[in-house]
Amino acid sequence: MKWAKMCRILAASMVLPLSAGCWDRLEINDLALVMATGLDEAEDGQVKLSVQIFVPKKAGDTPNVGGDQASGGGGGGSQTIVKEATGISVADAVSRLQTMMSRRLTWEHDEVFIFGEKRAAHGIEEDMDYLLRSRQTRERANLFVSEGMAIDALRLNPRLERDVAETLREMTLLQIGPDVSLFKLLRMMRSAGKSAVLPYIQKLPSQPGVNPDNTVSYITGGTVLKNGKAVGRLNMRLTRGLLWLHNETKEATLTFKPEGMPGSVALRMLRSKAVLVPSIRGDRWSVRVKVDNEAVLLQNTTGGIVTNEAWVQKIERAASQSIRSRIEETVEAGQRQFNADIFGIADLFRKHYPKHWKEARTNWDSVFKEIRIEIDVHTHVKRPGMSNASVPY
Amino acid sequence: MADYSSSSIPVPFDMDRPILPDLEANRAALNEVLNDCADAVLHPFATGDGRAALLIYICGLSDKAQLEKMAMEPLIRMSSEADGSLSAIARKLPIADLHEATAIRELIEGLFVGMPCLLVDGQACGLIMNMADWEKRGIDEPMAESVVRGPREGFGESLDVNMSLMRRRLRTPDFKMKTMTVGRLTRTRVVVCYIQSVAKDSLVQEVLSRLSRIDTDGVLESANIEELIQDSTLSPFPQLLSTERPDVCAASLMEGKAMLMIEGTPFALIAPTSLFALLQSPEDYYQRFMMGTVIRWLRYTFFLLALLFPSLYVAILTYHQEMVPTTLLLSIAKSREDIPFPALVEALLMEVSFEALREAGVRLPKQVGSAVSIVGALVIGQAATAAGLVSPPMVMVVALTGIASFMIPHYSVGISVRLLRFPVMLLAGFLGLLGLMLGVIALVIHLASLRSFGEPYLVFFRRGARHAWKDTLIRAPSWALGERPATAQKANADRQSMRNRPTPQKEGG
């Protein structure tokens, strides 16, 4: 009796795996891994979605070069292909793109999103809605604005790194330009100032005699976004000034010519910290920016003796002055040129002076223009480097 | 009707018949019992005073030379004036262990454990002389549990030698050994060992009562006993620790555990035991404690790895690709591109062939065994990937899992883990990490409900086991292991002086 019962249970449990329907496993062989995504403006306000897909062929296998824009060859490393589709929204374009693919597109490993210049000018808020809503996209993926079309940036075939995505991601890690992830952009766009800066990338001219696609895009500045639309560009110098305010300078090398001395001095920043303190006195709104730097001497062509206290102090003052003027230029650009609060000043006032902020928020743009920004830079040269005297010349 | 109860030899013969004064009648009775027992020798001879005598022994179970010298010679030379009663003869024989028997049963039972019997005409009893001695394997190094530092002695098949090995380690009358006989046909001697002042009385009683309930025809190995006395009969985990190391047994006894030695096998059983005890090696205590601690954690890690690694790989690769670092995923994708099977099938294929290889290697003669491993390594490592059946990462996963399962010091736990790997793998293949966690949860629930002779299997989580961490999470230095585990009697929980830690003597102090 007991035996019969056990047999019945066993038979029933053997049916179980079959009765559950389809097996929802997804093998890697069934995936099209998107490594980088480009979003461009198409006709009639449509969006052109382009994706760079990893081709899982072992190195040495001949890549399938016909038809698609196979960008393999040259390097002989890993291969990627670029595919594109146009739709009225990103979601629409994604579903159209999927119909052209034999494998399921997956964005789980996409760490780079590039907006074309025109798309950025048109506004990226609609696209952001998809990117933040989709469960496949990484919130830590980096965002860029590219010169011209984003799809052209994807088609490049860098020789040093695996692909465009890896190149751009590694570049942001070096903190050359602003490091903006999906999540960070969302925070900036939702902040009181509604402004943000995305890294702006340009194609590095390829060397003569080399396949023109064998080059990289690199960060050459920033794109200022206001209310989700690109309103202008910051050049590299202004972008660095902004990084100084955002405490994002890690690998900064500052080269300047001290007044009244021959030659130049180069400093490498060890630590740099900016504190923004808002204040309202009567009708005057102002922000005091205190920047503290610690630096190490990198190159000295002034002939000064690094062990000389007076000389070091002179250098420190000159460095501070140089940094100050950079930041001032950036502030000038933000306040006057773009009238975009890319510094996050609105948030400061919202936190410290909530009542004043409530009154001012409706005409924040005009208030922001008039805010006085005082910059106070202090630099301390901590180490003279490996030698104390300069090479005589 | 024949009596088949465990306490009798199943021979259709009245075993309780007394020994008669008439030697011929006794001889006829013995001939009837020992009919067709080619190794039984009934040797008639005459004593010095002219009486007929009969020496009965089993060939190969007793020392024949000693028998002739110590028993027969004095009897043949006996003068006719001497007292002819058997008890008087017994006093004059130069034999250390002998007693009188009055029933045929006693005589027969003695005969088969190597005790020759002497019958003299006119005496209604027999003289049983313990001269058991037979060919046995010497004391060897334990094959399955080797250590770098530590005693090299292992148990053998002979119970008496094993008992002496234990007694040599515990030279105190407090160390008790109780003998029982189990098995209708094998009549195997089983010795229950414990330290009276340390082991709980309830434990000893429980062991004895479980043993006495066994009614089976044969006990050939400790596993036969283990299966008949364990708490949970359907669990994949061993609930008794089997070992062939006397030092492990002695250490366990001093923790208040009981031990069973079974005749004919070098494996002793220790009860109760816990999962942690099964994951320990004696070497943990013989090397420095820091190393012992680190090795223990390495072992815990690899225990989990042996159980879960292939499942983890399958689950992540078929359901959670976003969890793999991008660069790793790309290289896996490259190597998996031409593999025709789903990751689950690939894993099952490799794991099954690995298990087959292991089994073949264990079972085959040593000379062939190495050939198997060479061929196997080629099949698994090289050919399978070259043929595009499995991907190189999977080979690595299987190899690492194999190493992990060999890291478990007790083979019995190792095979449970190997077995459990497969259901968990199936769960992971069908439900991803969710399935894997379900498997782990089910396993933990099962382990938590397991008991070994009443003691929880996960002893660390036992109430009242305050000091258990010292011997599970770490291997505390010897001077810090002051308390016996909760398995021992509370009254005798102190293992050693608290001042055992060597410290420099203070001046003037």
Side-chain angles (χ1 to χ4, degrees), chain A residues 2 6 13-14 16-36 52-61 63-64 72 77-80 102-112 134-142 161-163 165-166 168-170, chain B residues 233-234 310-349 385-386 388-394 397 422-436 438-439 442:
Chain A
K2 209 174 163 190
M6 258 172 68
S13 56
M14 276 163 74
L16 266 179
L18 300 174
S19 58
C22 293
W23 193 2
D24 61 349
R25 74 189 161 85
L26 207 58
E27 297 291 335
I28 294 184
N29 313 27
D30 307 330
L31 296 180
L33 295 167
V34 175
M35 305 312 297
Q52 190 187 45
I53 296 164
F54 178 73
V55 182
K57 287 275 185 299
K58 276 179 199 152
D61 291 7
N64 179 19
S78 70
Q79 295 85 34
T80 49
S102 59
R103 296 185 178 196
R104 189 184 296 267
L105 285 163
T106 172
W107 268 265
E108 283 152 357
H109 285 274
D110 181 2
E111 287 171 309
V112 167
S134 162
R135 93 190 153 81
Q136 282 199 340
T137 49
R138 288 190 179 191
E139 291 200 333
R140 287 180 55 208
N142 283 103
E161 295 286 349
R162 191 182 64 222
D163 50 32
E166 187 71 2
L168 289 173
R169 206 179 60 84
E170 293 290 342
Chain B
T233 47
L234 296 177
S311 320
L312 207 64
Y313 181 78
V314 168
I316 288 182
L317 229 59
T318 37
Y319 292 93
H320 315 279
Q321 292 93 358
E322 70 276 8
M323 289 178 69
V324 188
T326 304
T327 316
L328 179 62
L329 185 76
L330 296 186
S331 76
I332 292 178
K334 271 189 218 166
S335 57
R336 260 198 69 79
E337 185 57 21
D338 300 326
I339 309 301
F341 303 116
L344 174 65
V345 175
E346 197 188 347
L348 283 176
L349 201 74
T385 47
L389 289 178
V390 287
S391 56
M394 179 56 87
V397 168
F422 290 94
V424 179
M425 223 187 295
L426 284 175
L427 276 173
F430 286 116
L431 297 170
L433 281 185
L434 180 75
L436 191 145
L438 279 176

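Proteins get letters first, then strands, A, B, ... in listed order; numbering begins at 1 in each. Small disclaimer: the values here were computed from a predicted structure and weren't measured.
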Query raised in the report: For T327(B), is it the side chain, the backbone, both, or neither that has a heavy atom closer than 4.5 Å to a heavy atom of chain A?
Result: both

Query raised in the report: Any Lys/Arg nitrogen of E322(B) or R140(A) sitting under 4.0 Å from an Asp/Glu carboxylate oxygen of the other?
Result: no

Query - Salt-bridge present (R336(B), E27(A); N to O < 4.0 Å) - result: yes

Query raised in the report: If you count heavy-atom pairs under 4.5 Å between each of S331(B), P325(B), P342(B), A333(B) and chain A, which one has the most?
Result: P342(B)

Requested in this report: Just give me the residue among L330(B), V324(B), L329(B) that pairs up with chain A most often, heavy atom to heavy atom, under 4.5 Å.
Outcome: L330(B)

Requested in this report: Would you please say whether a donor-acceptor pair under 3.5 Å links the side chains of E108(A) and T106(A)?
Outcome: yes

**Report entry** R104(A) side chain vs A32(A) backbone, donor-acceptor pair below 3.5 Å
**Finding:** no

Requested in this report: Please look at L33(A) and chain B and tell me whether the side chain, the backbone, both or neither of the residue comes under 4.5 angstrom of a heavy atom of that chain.
Outcome: side chain

Report task. Answer yes or no: is there a side-chain heavy-atom contact under 4.5 Å between L389(B) and I339(B)? Result -> no

Requested in this report: Select one option (side chain, backbone, both, neither) describing which atoms of Q136(A) are under 4.5 Å from chain B's heavy atoms.
Outcome: neither

